[in-house]
Protein chains: 2
Amino acid sequence: MSHTTGIRQVQKQKTRQALLDAALRLLEHQSLSSLGLREVTRAVGVAPTAFYRHFDGTAALGVALVEETLGSLHGMIGAVLAETGDSEERLDRGVELIARHVAAQPAHFRFIAREQHGGVGPVREAITAQLRLFAEEVAAALAAEPDSAGWDPADLLMLGGLYVDHMVITASALLDAGPGGEEEVVRVARRRLRLVTLGRAHWLDEAP
Amino acid sequence: MSHTTGIRQVQKQKTRQALLDAALRLLEHQSLSSLGLREVTRAVGVAPTAFYRHFDGTAALGVALVEETLGSLHGMIGAVLAETGDSEERLDRGVELIARHVAAQPAHFRFIAREQHGGVGPVREAITAQLRLFAEEVAAALAAEPDSAGWDPADLLMLGGLYVDHMVITASALLDAGPGGEEEVVRVARRRLRLVTLGRAHWLDEAP
DNA sequence: ATAGTCAGTGAACAGTCGTACTCTCAATTG
DNA sequence: CAATTGAGAGTACGACTGTTCACTGACTAT
């Protein structure tokens, strides 16, 4: 075996990441379908043709950005939901978690919110698939709770989807809210969640 | 006074509408920020320069499309909510109303969902403003109901916003769902609304 | 040491784009 | 009637786009 550092591979990954970073920055003020291939390479300081060494086109770059953004979030929500403690407490913690992540990586969430219904098919589908995965994870976490006794699995998935959609809406609202307006968004998001939780508590009151 | 038919004005409005229609059709598979001015005029069969007689640019055209799409919906929701009848019944009717409108004018709703978080600032703001108006209308309609006795106005606005956001999500889901999958979307949307309604019924159970 | 691999270069291609001009000629006005 | 208006046509401009091709030269495997 050799002590090869793999300089080649490392450098390639480095420029690839540079392309992703530059694209994400450019996408803060426009959508993917209007993002030019040359625009990205220019921002990195690389010849336009070098782009093809990493991606087939801007659409493929978009899909990679989806993975980068949402791939790292898996399990995190489940971890929060699995925490012990008061229901109200967990709820607040979940909202806070979102707020912190959005504040830490605004561009990533902006991108997701923007391209969730955007004009580039493959990217849209990638986001939809990831969000559905999240909904299933949340549903699985909910199923483990005693409050979910007697619930139809399909209804749990419905609830999970409701939470996920709300998460996306909240993230987007946080981005749209200027600095200082975030507190109000968080307050409303918490009340919304409380209302949903109330509905959940009385879901089985009626006859199915 | 004259019996002028105003042929000039009529023709202008006609081509203006043709531009809007053509743009809406083109926007089904791309987003506004990538829509070319020439692309639209080509679809209409008009010289590119003629575009400026009607809009400052594609952004202004987008704002006009927002007005056209959401302007006609005002009051409709209020009318549904004002209907007498069982709460469950009204709920189903509301979902059905959305489903019918989305099926009747898919392109309009696709446009709204796509540009709500899109890359064109003025359009995004126009949509946000209209949706907030809807939320306020819904809140006002809810306030008139006996179930809302004792509710904080801010909480009613929260609930109205929840309904509106849910409406947008449902519309988008209907568009993404292929033909035949719509029934499932409607079913889930109804269950979501029922859960929210349940939460609403028990909102005042706890101490504020 | 040598041959091969491959990330990145640079020039050139045919298009498309937005916008500024001038011009036309039918509808309107007085 | 004649004078004016204004929606749309036509041309031209420079700038930008995605993609192709042959190429260099540092790294890699043998």
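Residue numbers start from 1 in every chain, and the chains themselves are labelled A, B, ... in the order their sequence lines are given, proteins ahead of strands.
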Picking from D:dG18, C:dT19, C:dT16, which would you name as closest to the side chain of A:Leu37?
D:dG18
Name the closest nucleotide to the B:Arg8 side chain, picking from D:dA9, C:dC6, D:dG6.
D:dG6
From the candidates D:dA9, D:dT28, C:dT28, the one with an atom nearest any side-chain atom of B:Ile7 is C:dT28
Atom-pair distance (NZ on A:Lys12; C1' on C:dG8), nearest Å
11 Å
Nearest heavy-atom contact between A:Arg200 and A:Asp147 is NH2-CB, 3.7 Å
Do other residues, nucleotides or ligands put more than 12 heavy atoms under 6.0 Å from A:Asp56 CG?
no
When A:Leu193, A:Val186, A:Val188 are each screened for side chain to side chain contact (heavy atoms under 4.5 Å, CB included) with A:Arg190, the one that passes is A:Val186
Please determine whether any donor N or O and acceptor N or O are separated by less than 3.5 Å between the side chain of B:Thr15 and the base of D:dG8.
no
Rounded to the Å, how far apart are A:Gln30 CD and D:dT17 P?
10 Å
For the pair made of CD in A:Gln13 and P in C:dC6, what is the distance, rounded to whole Å?
15 Å
Look at all strands and tell whether A:Ala50 reaches a base, only sugar-phosphate, or nothing, counting heavy atoms closer than 4.0 Å.
base
Return the value, rounded to whole Å, for the distance between atom CD of B:Gln11 and atom P of C:dC25.
17 Å
Going by atom types only, do B:Gln130 and B:His74 share a side-chain donor-acceptor pair under 3.5 Å?
yes
Please compare A:Thr49 and A:Glu39 by the position of their nearest nucleotide in DNA chain D and report the one closer to 5'.
A:Glu39
Of the nucleotides D:dT19, C:dT19, D:dC16, which one has an atom closest to the side chain of B:Tyr52?
C:dT19
In the structure I gave you, are the side-chain heavy atoms of B:Val63 and B:Val120 within less than 4.5 Å of one another anywhere?
no
Under 3.5 Å, is there an N or O donor on one side and an acceptor on the other linking the side chain of B:Arg38 and the base of C:dT19?
yes
Starting at CG of B:Leu19 and ending at P of D:dA7, how long is that distance when rounded to a whole Å?
13 Å
From CZ of A:Arg53 across to C1' of D:dC23 the rounded distance in Å is 11 Å
Between A:Asp56 and B:Arg16, whichever has its closest DNA chain D nucleotide further toward 5' is B:Arg16
Can you tell me the distance, in whole Å, between the CD atom of A:Gln9 and the C1' atom of D:dA29?
13 Å
Taking atom P of C:dG18 as reference, at what distance in whole Å does atom NE2 of B:His54 sit?
16 Å
If you only use heavy atoms from C-beta on, which nucleotide in C:dT9, D:dC16, D:dG8 is closest to the side chain of A:Arg42?
D:dC16
